[in-house]
Amino acid sequence: MTAPLDHVARIQQAWSRERPDLDVSPQAVIGRLHRLAGHLTEELRVVYRRYGLGEGEFDVLATLRRAGPPFERAPGELAAFTMVTTGAMTKRIDRLELGGLVTRRPSGTDGRGRVVALTDAGRELIDQAFTEHMRNERRLLDLLTPDDAARLEALLTTWLACFETPLPAEGRDLGA
């Protein structure tokens with residue numbers, strides 16, 4: 001008896017039947033990574049929702065918290081660090097400001113610029129949410145053995161470097 005096929009293997013099997021002239025083996029990795037990313041994202045969103053946040057709001061609060069005292073950044077910096085447009089960032093900041101989690105003020109160095117800062121409530125919320133977020137990520141990673149997790153990290157680091165230039169440790173902004 002053959003082992004049951006996962007979703008990606010069934011798709012590969014169908015494509016191999018329909019297009020035997022194509023090498024569909026990349027789907028074994030890319031397809032599984034794509035599906036896994038969707039599952040992991042949903043598992044992470046559970047924690048964000050528990051704190052009344054969307055993924056974008058969590059990213060903004062986490063970026064401000066990582067900045068260190070006084071926990072502030074210009075909106076353009078926030079957009080760059082979270083990889084969204086300035087328009088999308090404005091909407092996120094608006095929602096967070098309405099919730100009392102951030103404030104906006106004029107920049108002290110750029111007369112036309114603004115600065116977004118965590119409020120005390122925002123800092124308390126992100127500290128709680130990030131603590132639970134790390135517990136959740138640990139739970140998800142613990143589905144693998146420590147050796148498998150270490151090998152996967154090394155492989156993903158190597159592969160990601162093909163798309164992104166790693167920065168020196170100092171001055172680097174790490175993800176949420």
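Residues Leu64 and Ala117 come closest through the heavy atom pair CD1-C, 4.4 Å. Nearest heavy atoms, Gly100 versus Ala121: O-CB, 3.9 Å. The two residues Arg32 and Ala28 come nearest to each other via the heavy atoms NH1-O, 2.8 Å. Nearest heavy-atom pair across Val116 and Pro75 is CG2-CG, 3.9 Å. The minimum heavy-atom distance linking Ala129 with Phe58 is given by the pair CB-CE1, 4.0 Å.
One hydrophobic cluster holds both Leu140 and Val47 under the rule that ILVMFWY side chains link at heavy-atom gaps under 4.5 Å.
A salt bridge does not link Arg135 with Asp142: every distance from a Lys NZ or Arg NE/NH1/NH2 to an Asp or Glu carboxylate oxygen is 4.0 Å or more. Look at Asp6 and Arg35 and you find no salt bridge, because none of the NZ, NE, NH1 or NH2 atoms lies under 4.0 Å from a carboxylate O.
Between the side chains of Thr145 and Asp147, no donor N or O sits under 3.5 Å from an acceptor N or O. With no hydrogens or angles considered, a side-chain donor-acceptor pair links Glu137 and His133 at under 3.5 Å.
Interatomic distance, OG1 of Thr157 versus CD of Glu164, reported as 10.5 Å (0.5 Å rounding). For the atom pair CE of Met89 and CE of Met83, the computed distance is 10.5 Å after rounding to the nearest 0.5 Å. In this structure, Arg65 CZ and Phe130 CZ are separated by 9.5 Å, a value rounded to the nearest 0.5 Å.
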Problem set entry | Arg17/Gln13 under side chain to side chain contact (heavy atoms under 4.5 Å, CB included): CA gap, chis, key distance, verdict | CA-CA 6 Å; Arg17 182 188 67 240; Gln13 190 178 57; 5.7 Å; no
Exercise. What do the steps show when you test Val60 against Leu101 for side chain to side chain contact (heavy atoms under 4.5 Å, CB included), and what is the final call?
Worked result: CA-CA 10 Å; Val60 171; Leu101 302 174; over 6 Å; no
For this session: Carefully, step by step, assess Val24 and Arg19 under the rule side chain to side chain contact (heavy atoms under 4.5 Å, CB included).
Result: CA-CA 9 Å; Val24 297; Arg19 291 293 310 268; 5.8 Å; no
Exercise. Stepwise, does the side chain to side chain contact (heavy atoms under 4.5 Å, CB included) test hold for Leu125 with Leu53?
Worked result: CA-CA 10 Å; Leu125 181 74; Leu53 300 170; 4.0 Å; yes
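Within the 4.5 Å cutoff, the side chain of Arg151 has heavy atoms near those of the Asp148 side chain. The closest side-chain heavy-atom distance from Phe71 to Ile126 is not below 4.5 Å. Using a 4.5 Å cut-off on side-chain heavy atoms (C-beta onward), Tyr51 and Leu61 make no contact. The closest side-chain heavy-atom distance from Arg104 to Asp94 is below 4.5 Å. The shortest side-chain heavy-atom distance between Leu78 and Arg92 does not fall under the 4.5 Å cut-off.
Counting non-hydrogen atoms of other residues, nucleotides and ligands closer than 6.0 Å to CD of Glu55 gives a total above 12.
Only one option out of Leu44, Val46, Thr131 pairs with Asn136 in a side-chain contact (heavy atoms from CB on, under 4.5 Å); it is Leu44.
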